[in-house]
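In what follows, every heavy atom counts, from backbone to side chain, and hydrogens, waters and symmetry copies are set aside. In what follows, chains carry the letters A, B, and so on, assigned in the order in which the sequence lines appear, proteins first and then strands, with residues in each chain numbered from 1.
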There are 2 protein chains.
Amino acid sequence: MKILTKDKGREYEVFSHYLKEKDLKLTAQRELILRTFLSHRGHISAEELYQRAKEKLAHVGFATVYRTLKHMTQCGLARELDFGNGRIQYEPDFNREHHDHMICTKCDTYIEFLNPQIEELQEQVSRKHGFKITFHRMQLYGLCQKCQKSGK
Amino acid sequence: MKILTKDKGREYEVFSHYLKEKDLKLTAQRELILRTFLSHRGHISAEELYQRAKEKLAHVGFATVYRTLKHMTQCGLARELDFGNGRIQYEPDFNREHHDHMICTKCDTYIEFLNPQIEELQEQVSRKHGFKITFHRMQLYGLCQKCQKSGK
DNA sequence: GTGCATGCAAAGGCTTTGCATACCA
DNA sequence: TGGTATGCAAAGCCTTTGCATGCAC
């Protein structure tokens, strides 16, 4: 069963290309999970993605969601986020510029940001120690504007 | 059974003060776990702390280590580190200046660093978004000097 | 003596894996 | 048709919790 149509966006090309390259198969489930993932704005947990996918196709398994997320991460369509709450979140990562996060510890909303000066300083610091960065995680936890006000 | 002697360091005072304040008891296990934790240089996982404590006192339980770590974290003697490998590490945090980490993904060694400029920029960025930081996590992953050389 | 602490084992939460069946290519 | 994918359930891994007993105060 092939559901993929053309012009769904580059992500679908990337995915099918990745699958072909690895001798993996394009299944209805994989396509559905990708579509569901992409249609969700912002990050999502495996559990939530499973729920949303299941609404569209009853027989989708938990394991398949996890396995597909691994593939999507592998080919650069998804990025794992670990906000230290014991469950990994995934966010779309295709053609997206690197960014970091501020997370409100009260309402769980988050703000994405990119600060080139910080990035540059990270490089400087690591060079000073002879360290070669391959990736980094930076998360600022605290209260968003709304929660600061409502808290008082 | 009281094992605590004077002059073991301020950490012991902090711990016993915290316990007293919370109507908690100073037990041989708690003291042993704290001592073992402090004697270990650098961070340590609950599992490893359990093993090391057990060497000194056969009857130490897993749960007690976890429970004691919570207390030590609570009173500022320990700090939880999550390097995204599924197990929390704890590092001594008494009278220590805040710092971040570079972690070698090959040999697992790490370098602590503090960059005031980055800290300041984090504040600036968050102010710009009306966000109030309470704490942050910043980890640079990559290769340490040694592993860069050995890798070639 | 009272009430918290302990150790053991069981349970929890998230993620991965094994296996027989289903399905893509 | 052959080999991968799927769904289910079970297992893994780390951490927490329940409970009867033990111990600090």
Practice task
State, with a plain yes or no, whether a side-chain heavy atom of Ser45(B) is found less than 4.5 Å away from one of Tyr90(B).
Solution key: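 SC-SC contact between Ser45(B) and Tyr90(B) ruled out.
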Handout entry: Closest-nucleotide ordering on DNA chain D, the 5'-leading residue of Phe62(B) and Lys25(B)
Key =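 So the residue in question is Phe62(B).
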[atom1] of [X] versus [atom2] of [N]: gap in Å, rounded?
X: Tyr90(A); N: dT15(C); atom1: OH; atom2: C1'; value: 8 Å
X: Leu81(B); N: dT15(D); atom1: CG; atom2: P; value: 13 Å
X: Gln51(B); N: dC14(D); atom1: CD; atom2: P; value: 12 Å
X: Glu47(A); N: dT16(C); atom1: CD; atom2: C1'; value: 15 Å
X: Leu69(B); N: dT15(D); atom1: CG; atom2: P; value: 10 Å
X: Gln89(B); N: dC13(D); atom1: CD; atom2: C1'; value: 15 Å
X: Leu32(A); N: dA5(D); atom1: CG; atom2: P; value: 17 Å
X: Leu26(B); N: dT6(C); atom1: CG; atom2: P; value: 10 Å

Practice task
On DNA chain C, check which nucleotide each of Asp23(B) and Thr64(B) is closest to and give me the residue with the more 5' one.
Solution key: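 Here Asp23(B) is the residue nearer the 5' end.
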Problem - Position toward the 5' end of DNA chain C (nearest nucleotide), Leu57(B) or Asn85(A) - result: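 The residue closer to the strand's 5' end, by nearest nucleotide, is Leu57(B).
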Would you classify [X] as touching base, sugar-phosphate or nothing, given that sugar-phosphate means primed atoms plus P, OP1 and OP2, and contacts are heavy atoms under 4.0 Å?
X: Lys20(A); result: nothing
X: Arg30(B); result: sugar-phosphate
X: Lys70(A); result: sugar-phosphate

Handout entry: Nonpolar side-chain network containing Ile111(B), other nodes, edges under 4.5 Å
Key =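 Met102(A), Ile111(A), Phe113(A), Ile118(A), Leu121(A), Val125(A), Phe131(A), Ile133(A), Met138(A), Leu140(A), Met102(B), Phe113(B), Ile118(B), Leu121(B), Val125(B), Phe131(B), Ile133(B), Met138(B), Leu140(B), which link up through side-chain heavy atoms under 4.5 Å apart, make up the rest of the cluster.
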Practice task
Look at the side-chain N and O atoms of Tyr66(A) and state whether any lies under 4.0 Å from the OP1 or OP2 oxygen of dT16(C).
Solution key: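 For dT16(C), OP1/OP2 do not have a side-chain N/O of Tyr66(A) under 4.0 Å.
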Practice task
Please check the phosphate of dT6(D) (OP1 and OP2 only) for any side-chain N or O of Thr27(A) closer than 4.0 Å.
Solution key: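 Yes, within the criterion.
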Exercise for the section: Identify which nucleotide among dG18(C), dT6(C), dT15(C) has an atom closest to any side-chain atom of Arg67(A), counting heavy atoms from C-beta outward. Expected result: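 The closest nucleotide is dG18(C).
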Exercise for the section: Could you tell me whether Glu13(A) and Arg10(A) have a side-chain N and a carboxylate O separated by less than 4.0 Å? Expected result: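 Here Glu13(A) pairs with Arg10(A) in a salt bridge, since their nearest N and O are under 4.0 Å apart.
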Problem - Lys/Arg N to Asp/Glu carboxylate O, Lys132(A) vs Glu123(A), below 4.0 Å - result: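 Not counted as a salt bridge, because no side-chain N and carboxylate O are separated by less than 4.0 Å.
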Practice task
Would you kindly say whether His99(A) and Glu91(A) are connected by a side-chain donor-acceptor distance under 3.5 Å?
Solution key: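 The criterion, which ignores hydrogens and geometry beyond distance, is satisfied for Glu91(A) and His99(A).
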